[in-house]
Every structure is written in C-alpha cells, then in structure tokens.
Amino acid sequence: GGSSKGGGDGKGSPVDAAETAFNIERTLSEISKPEKEREDELQEVPEEIHELICMSLAKKQPWYTRVGVFVVVFALVFGLNVFSMVYPSRLIALIVNMGPTTNQAGRRRFLTEAVVHYSRELALSDGYSRLTRAEATADLKHYLHELEEAHVAITRGGSKRISIGADARSVMHNRLMYSQGCPWRGEGANCSSVLRPDAATRGLHYLYSTFVDSALAVLAEYGEQYGEDGHQVDPSKYHLFTDEFDVVRWNDTEAGLKLLEEDPNIAFIIQQFDGDLYQGWQAALSIFYDETHEFLENAHLEFLTYFVVYIMGLVGLFYLVLFRRAVSEAVTEGDKARTWVHRVPLHIFTPEEIGLVEQYFGVKSTEEQKDKRIG
C-alpha cells in the first residue's frame, strides 16, 4: 500500500527511474558518437553470416555478371580489334613493294632500247651520234650493267628498293618468264624467228639472256676500252660541241650499215628495239599493274570485312549479351533492395537509426517525414 501511495505521490518506482536513466544515457551516448561510428555499428554483420551470404550470392549470380566472363569477352573483342588491323596489313608490304617494282619494270624497257641504240652506234662509229668508239663502248657497258641490275632486282629483289622479287610471289610473271612459248605475242602465236629461231620459244628469260649475250659479243668484237689519250672514257665529259664531228665519214657509215645487216648479233639486238623483248617487258609490266590493283582491292576488302566483324563482335557479344543484361540485372537487384527496405519495421528504430538506414540506401526523406520522426 505504501508503494502505491508513494507512486501516487509522483515519486515513481526504482525500476522506472532506472529505465528512464538508461534511455537518457543511451540517447546521450548515441548523440555523442560520431555519425560514421554509428553507421558502422548499424552495418556490422557477423563474419559467419557474411561468408554465408557471399557463398549464396555467388551460387545464384548469373553468368553474364561474372567478372571472368567479362574478362574473356573483353579479350575476345580486343583480339578481334587487333586481328582486324594486323592481318590485312600484310598486304601493305606487297603494295609498297609494287611501287619500285613497276618503276624498274618500266625502266627496263628504256634500258633495253638504250642498249640497242648504243650497240648500233658502236657498230657504225660514223660520228652521226657525236660519239667516239670509246664513248659508245662506255655507254653500252653502262646501260647493259643498269639493265642487268634492274632485271635482277625485279626478279629476285633485295635491291633498287624492291624487297620481294617477282620470282618468289608472282605465278603469272614466272609463267611469262620461264615457261615455253611466247605469250606476249598472243595466244597460239607462232614463236619462231628468222635470226634466232629458238630465242622466243623458251620464255622471256631465255630471250633476255640471248639478248645480253649478243650485246656482250658486240662489245667484245667492236668495243674500245680506251680513248685516244690512252685513258678510260668518262661518260660525264663527252665533247659534244667540238669540231671533231663536223665532217661526216660517209665511208664509215656505208660500211657500218652493211655490218648491221651481216652481223647476226647486231641484227638480233636491233630487232628487239620494238620486237619480242620489248613486248615481253610490256607484258610483264601489265602483270605488275594488275597485281597492284589486285593487292589494293584485297587490302580494302579485308580491312572492311574484319572491321565489320570486330564491330559486330563488340555490339553483339559485349553490348547485347553482357552489358545490357548486366545493367538490367543490377536494376532488378536495386528494385529488390528498395522493396526490402520498405518492408523493414523501421518503427522499432530510433530516429537517428532510421536516418542512417535511409542514408545508406539513398532514400530521400521529405520535410514532412523528418518532422514526423522528430515528433
């Protein structure tokens, strides 16, 4: 009875006083704690439960959200990108190689005509070309040497800026050079010749070798290594404007013209000025032009094809299969988390704890909701 009376007097029981003191102490301690510390306490999860949750999530994680899948797809897309650039670039070396090849092939025609011209002038030696015999010999040697260098560079490579010779890469060129027949004359043409019956029947290389042998024979028979002063002739110091050639030596001209008809080597060389050898060089040049055009078309087609494959792989594998599905999965999981937060019995939390929960999940509180919590 005394207790009831005491309670009626407003003094309160010891239990109530202790509970009130505990609540006040709890409130003061919560207020005194830093916000980050209170948030960490709220988020703290036992280690066993954390491992169990991680294992469960890993088992239920879709394949298109796994890191390993993204690494593999990224490696595949990156490989397609590199392949689309590197593989077609092998044709670039061939395209670059065709520039000096066609240049030397065109130059080979001029050098052949130069050899024909100086072989004829060496045999005539009548002064019409304002060259002495020694000067004509020096010129013939020079252009014959240039012709041989150009031919070796075209067929074997390794010089004249030609890295890959036609013998190692061109089937059509090899057929023209080394097969039987004379395809530069046309399909089914008669390959016989009056001066050298077999020269044009064994391919362009045999015809060229016969031409060089004939030029060397002309040099050996009519060439003069030294000039009138006993020194070798310098082609850069020709005396083109002296009076030495003001008088035409008709007798030498007449004898030289007769020699051109009688000497089979000179006659054969002159025949090649616009004959089989020149036509063969023209056919080889046409092959190189066609190959250049083919290399350019193939390079353009391969670059375009592999780039399209790369873009399709990027869009199909990475964007459609992985990225969109992974983003959709993330949005779905966010919606699930938001639904779960809405179902949490927040009425058992203190206002500060509710604020921490809302802050963690990114829930924006209105002023009215804040007032209700405070009230």
J.: Sequence neighbours left out, what passes side chain to side chain contact (heavy atoms under 4.5 Å, CB included) with Ala93? Give chain and number order.
T.: none

J.: Taking salt bridge (charged side-chain N to carboxylate O under 4.0 Å, His left out) as the definition, give me every residue that meets it alongside Glu302, ordered by chain and number, with sequence neighbours left out.
T.: Arg90

J.: Keeping the roles fixed (side chain from Asn174, backbone from Asp167), state whether a donor-acceptor pair exists under 3.5 Å.
T.: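 Pair found, side chain donor or acceptor close to backbone of Asp167.
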
J.: Can you name the salt bridge (charged side-chain N to carboxylate O under 4.0 Å, His left out) partners of Glu149, sequence neighbours left out?
T.: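 So Glu149 forms a salt bridge (charged side-chain N to carboxylate O under 4.0 Å, His left out) with Lys160.
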
J.: Only counting residues at least two apart or in another chain, list the ones meeting side-chain hydrogen bond (donor to acceptor under 3.5 Å, both in side chains) with Gln282.
T.: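 Arg109.
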
J.: What I'd like to find out is whether the side chain of Glu291 reaches to under 4.5 Å of the side chain of Leu94, using heavy atoms alone.
T.: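 Answer no - side chains too far apart.
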
J.: Between Leu207 and Thr201, is any pair of side-chain heavy atoms under 4.5 Å apart?
T.: no

J.: Val67: which other cluster members, linking ILVMFWY side chains closer than 4.5 Å, directly or transitively?
T.: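 In the cluster with Val67 are Val71.
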
J.: Suppose we screen for salt bridge (charged side-chain N to carboxylate O under 4.0 Å, His left out). Which residues come up paired with Arg108, at least two apart in sequence or across chains?
T.: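 Scan of Arg108 (salt bridge (charged side-chain N to carboxylate O under 4.0 Å, His left out), adjacent residues dropped) gives none.
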
J.: Would you compute the distance between atom CH2 of Trp184 and atom OH of Tyr278 and round it to the nearest 0.5 angstrom?
T.: 15.5 Å

J.: Run the side-chain hydrogen bond (donor to acceptor under 3.5 Å, both in side chains) test against Gln104 and tell me which residues pass, sequence neighbours left out.
T.: Arg107

J.: Could you pull out all residues at least two apart from Asn103 that satisfy side-chain hydrogen bond (donor to acceptor under 3.5 Å, both in side chains)?
T.: none

J.: For Tyr87, which fellow cluster members are found when Ile, Leu, Val, Met, Phe, Trp and Tyr are connected by side-chain heavy-atom distances below 4.5 angstrom, either directly or through intermediates?
T.: Phe83, Tyr306

J.: Answer with yes or no whether the side chains of His117 and Glu113 bring together a donor and an acceptor at under 3.5 Å.
T.: no

J.: Quick one: list whatever passes side chain to side chain contact (heavy atoms under 4.5 Å, CB included) with Val86, sequence neighbours left out.
T.: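 Result, side chain to side chain contact (heavy atoms under 4.5 Å, CB included) vs Val86: Val82, Ser89.
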
J.: In chain order, what residues pass the side chain to side chain contact (heavy atoms under 4.5 Å, CB included) check against Tyr310, with sequence neighbours excluded?
T.: Val77, Leu80, Asn81, Ser84, Phe307, Leu314

J.: So Phe323 and Phe318, would you call those rings parallel, tilted or perpendicular, with 30° and 60° as cut-offs?
T.: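 Ring orientation, 0 to 90° scale: parallel.
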
J.: I'd like to check the side chain to side chain contact (heavy atoms under 4.5 Å, CB included) partners of Arg325; sequence neighbours left out, ordered by chain and number.
T.: Trp63, Tyr64

